Structures are given as C-alpha cells and as structure tokens.
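Notes follow the structure.
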Amino acid sequence: MSSQSENNQRKPGFLPIETNWFDRLFISVVIWVALSLFWMRFIEPIGPSVWVAAAISAVLGAYIVWKG
C-alpha cells in the first residue's frame, strides 16, 4: 500500500513555479481574458472574430492545465 505523500508528488512542468491544477486553471483564465481584450482592441477591427481568440485560449488553456 502506498503512502499519501507518494500519491501527491508533483511532476515538473514548463511553468517556472510550483503549481497545482487550480493554479494552472487560474493562469489559463487570466491568459484568456488578456488575449480577448487584446484581440478586441487590435485584431477584431481588422476582421477576425473574437471567437478565434476564444478557440486559441481554450487550446492554450488545456495545454497549460495538462502539461504546465
């Protein structure tokens, strides 16, 4: 039978800080908001919809939560 400390070992990710899944989720949401605001100000007047930014943020957020 394994101990509780062995089950909670954190694997290193690409983020430069020690995080759990909730920290990575919070970072993903902050990136989503920042990218959406940037997109609405600078990119959307050119043509592409903000839904493109939402799709990019979803993919990036999933990667951060999974691998970060």
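Bear in mind that the values here come from a model prediction, so they are computed numbers and not experimental data.
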* Structure fact -> By ring-ring contact (aromatic ring centres under 6.0 Å, His included), Phe26 pairs with (sequence neighbours left out) none
* **Distance, nearest 0.5 Å, that separates CG of Leu15 from CD1 of Ile27** => 5.0 Å
* Set of side chain to side chain contact (heavy atoms under 4.5 Å, CB included) partners for Phe14, sequence neighbours left out -> Tyr63, Ile64, Lys67
* Under 4.5 Å side-chain linkage, directly or through intermediates, the cluster mates of Phe22 -> Trp21, Leu25, Val65
Applying the 4.5 Å side-chain criterion to the ILVMFWY set and letting contacts propagate, would [X] and [Y] be lumped into a single cluster?
X     : Y     : result
Val50 : Ile43 : yes
Val30 : Leu60 : no
Phe42 : Val33 : yes

* Asked: Does any non-hydrogen side-chain atom of Trp39 lie less than 4.5 Å from one of Ile56?
  -> yes
* Minimum-distance pair of heavy atoms, taken over all atoms of Pro45 and Met40 -> CD-O, 3.7 Å
* Of all pairs that satisfy side chain to side chain donor-acceptor pair (under 3.5 Å), the ones with a partner from residues 40-59, not counting sequence neighbours -> none
